[in-house]
Asker: 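Dumping the structure here so I can ask a few things about it.
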Amino acid sequence: MEIKFYNSLSRKKEVFKSIYPGMVGIYVCGPTVYDYAHIGNLRSYIFSDLLRRVLEFNNYKVTQVMNITDVGHLESDADEGEDKMVESSRRHKKTPWELARYYSDDFMLRLEQLNIKKPGIICRATDHIEDMIAMVEKLMDKGYAYRIEGDGIYFEVEKFADYGKLSGNKLDALKAGARVDVNERKRHPADFALWKDAPPQHIMQWPSPWGPGYPGWHIECSAMAIKYLGEQIDIHTGGVDHVPIHHENEIAQSEAITGKRWVNYWLHGEFLQVDSGKMSKSLENFHTLADLLDKGYDPLAFRYLCLNAHYRSQLNFTFEALDGAQTALQRLRQGWQKLPASKKKPDAKLLQAFHSAINDDLNIPLAISYLWEAVRDGKPGSKELAARFDQVLGLKLDYVEKSKELPEDLQQLLKQREQARAEKDWALSDKLRDQLAARGVIVRDTKDGTTWEYNPPSDK
Ligand code: AMP
Ligand code: ZN
């Protein structure tokens with residue numbers, strides 16, 4: 001059955017065709033690990049997980065690559081301000097590497113709690129500096145980049161004829177609309193940093209042909225995507241906020257180097273809003289998944305909530321809506337668990353309807369209505385059919401709530417970790433933290449002491 005996706009590049013739904021038969025490469029813009037991911041960020045990874053699962057349901061072998069941005073993402077997407085990692089590291093009095101490890105571990109845990117399948121390749125920007133330098137060198141050689149002394153290397157957007165093709169932005173309009181305080185040494189206000197010179201006291205820096213410095217945020221994604229998926233890739237995803245700058249710039253750098261169309265399908269997830277307003281890390285009005293768990297919610301209630309809105313629609317988060325999602329999910333699971341097992345062939349019409357829905361640009365809200373139908377009609381074969389649907393939806397229909405009381409052996413591990421911290425044995429305390437995490441106990445060290453949350457892993 002054909003699959004259609006809305007391609008942000010053509011602004012229409014297109015029939016999906018992979019470059020290699022039966023295989024799909026997807027690049028997912030990953031998190032900047034300077035803080036906890038908020039539930040808006042997590043909505044965008046639920047979307048990329050659904051995309052992957054839909055392709056797998058259609059028997060594609062999917063290679064999903066996700067980056068971890070642990071350097072180079074400045075406070076403003078337009079290359080201004082300080083590196084978010086460096087700024088956060090000063091605030092927390094930790095090295096950027098310690099921070100990156102802490103927040104990326106937390107991020108991975110949240111993916112797991114949301115039943116988001118782990119991308120096959122997860123790559124850190126700081127492990128790929130050489131690839132980025134090589135790309136910047138190529139852009140310099142080809143005349144697409146120029147140096148501003150004492151500042152860095154910039155991509156010259158006017159040299160790239162297709163600049164703006166994703167967002168529809170025109171260079172003249174960008175120039176007219178540029179802020180007055182834009183870096184005046186740039187040849188065009190939309191020119192963006194590929195490499196920044198680092199002053200001696202800058203914590204994150206690497207040697208380069210242009211002296212010590214660090215990469216721009218956009219070049220990270222181009223370098224890693226090309227390294228792992230090749231010069232032409234099937235699908236690239238991210239949130240809608242990335243269309244006008246980050247993804248436009250990724251296209252410019254990559255296509256300037258290869259001279260070929262880089263990404264065939266660009267898919268963008270809409271924003272989650274909170275109480276009808278914008279949520280962002282900088283506004284500090286964001287909820288994390290840990291906040292929801294602290295309030296006693298099942299993480300998959302949040303997944304269920306997200307699944308009920310199409311990925312290209314904004315979703316307004318309220319606790320009333322989350323309550324509704326939690327109740328609905330519980331009913332769905334209870335209904336499914338009561339169904340009799342059967343070897344009977346499932347209802348072909350319902351399977352077909354579900355399949356058409358998910359293949360129509362991920363119409364998951366419609367697909368969920370078919371899941372309810374399967375659970376409600378309860379005919380022989382429905383249980384198995386619903387379980388098949390759940391391979392795409394990932395709601396863990398077989399989940400049975402377990403006691404959240406901390407078993408004795410885990411209590412001991414927590415005590416040992418407290419002891420290790422008291423003795424400042426950080427290596428041991430980190431090791432124990434990992435052991436606890438593997439068993440579902442998430443430990444957080446705050447200035448008021450250590451707190452933990454326990455989510456017994458399911459048996460699946
Ligand atoms: P960041 O860690 O800021 O680079 O963001 C990670 C991902 O979350 C990106 O794909 C963003 O587009 C996406 N994102 C950021 N804020 C929201 C939001 N409120 N709702 C949905 N996605 C978001
Ligand atoms: Zn990216």
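Atoms within a ligand are numbered from 1 in the order they appear, just like the ligands themselves. Numbers here are sequence positions counted from 1.
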Asker: Can you find an N or O of H73 that's nearer than 3.5 Å to an N or O of ligand 1?
Answerer: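 No.
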
Asker: Taking the six-membered ring for Trp and the single ring otherwise, decide whether the centroids of Y102 and F107 are under 6.0 Å apart.
Answerer: no

Asker: Check the angle between the aromatic planes of F317 and H287 and answer parallel, tilted or perpendicular using the 30° and 60° thresholds.
Answerer: tilted

Asker: Could you tell me how the ring of Y228 sits relative to the ring of H128: parallel (under 30°), tilted (30 to 60°) or perpendicular (over 60°)?
Answerer: perpendicular

Asker: Checking contacts here: is it the side chain or the backbone of K278 that comes within 4.0 Å of ligand 1, counting heavy atoms only? Could be both or neither.
Answerer: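 No part of K278 comes within reach of ligand 1.
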
Asker: Compute the minimum heavy-atom distance from F286 to ligand 1 and say whether it is under 4.0 Å.
Answerer: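 So F286 does not count as touching ligand 1.
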
Asker: Look at the rings of H242 and H246 and say which category their plane angle falls in: under 30° parallel, 30 to 60° tilted, over 60° perpendicular.
Answerer: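 H242 vs H246 ring planes: perpendicular.
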
Asker: Below 4.0 angstrom from a heavy atom of E270, which ligand 1 atoms are there? Numbered from 1 as shown, please.
Answerer: 21 (C)

Asker: Kindly say whether the aromatic ring centers of F286 and Y36 come within a distance under 6.0 Å.
Answerer: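 No.
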
Asker: Ligand 1 and P31, any nitrogen or oxygen pair closer than 3.5 angstrom?
Answerer: no

Asker: Does the D291 side chain pair with the main chain of T288, one donor and one acceptor, at a distance under 3.5 Å?
Answerer: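 A pair under 3.5 Å: yes.
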
Asker: Do H188 and F155 make the cut of ring centroids closer than 6.0 angstrom?
Answerer: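 Judged by ring-centre distance (under 6.0 Å), H188 and F155 do not meet the cut-off.
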
Asker: Q273: heavy atom below 4.0 Å from ligand 1, yes or no?
Answerer: no

Asker: Are any of the side-chain heavy atoms of Y154 and D151 separated by less than 4.5 Å?
Answerer: yes

Asker: Considering T32, I46, V274, L272, which one's heavy-atom position lies nearest to atom 19 (N) of ligand 1?
Answerer: L272

Asker: Less than 4.5 Å apart, any side-chain heavy atom of F192 and any of V157?
Answerer: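 Result yes, sub-4.5 Å side-chain heavy-atom pair found.
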
Asker: Taking only heavy atoms of D241, which atoms of ligand 1 are found under 4.0 Å from at least one of them?
Answerer: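 Here the atoms of ligand 1 in question are 11 (C), 12 (O).
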
Asker: What is the ring orientation for F354 with F389, classed by angle as parallel under 30°, tilted 30 to 60°, or perpendicular over 60°?
Answerer: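 It falls in the parallel class, under 30°.
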
Asker: Is it the case that ligand 1 has an N or O less than 3.5 angstrom from some N or O of R43?
Answerer: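 It does not: no N or O of R43 is found under 3.5 Å from an N or O of ligand 1.
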
Asker: With ring centroids as reference points, do H218 and H247 lie under 6.0 angstrom apart?
Answerer: no

Asker: Tell me the nearest of F47, F271, F317 to atom 18 (C) of ligand 1, using heavy-atom distances.
Answerer: F271

Asker: Which N, O or S atoms belonging to the protein are less than 2.8 Å from the Zn ion (ligand 2)?
Answerer: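 N, O, S partners closer than 2.8 Å: C29 SG, C221 SG, H246 NE2, E250 OE2.
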
Asker: Looking only at distances, please establish whether an N/O atom of ligand 1 is found under 3.5 Å from an N/O atom of G239.
Answerer: yes

Asker: Looking only at the side chains, is there a donor atom on one of S254 and S222 sitting less than 3.5 Å from an acceptor on the other?
Answerer: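 There is such a pair (donor and acceptor under 3.5 Å, judged by atom type) between the side chains of S254 and S222.
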
Asker: Which of the numbered atoms in ligand 1 are below 4.0 angstrom from a heavy atom of S44?
Answerer: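 By the 4.0 Å cutoff, the relevant atoms are 7 (C), 8 (O), 10 (O), 13 (C), 22 (N).
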
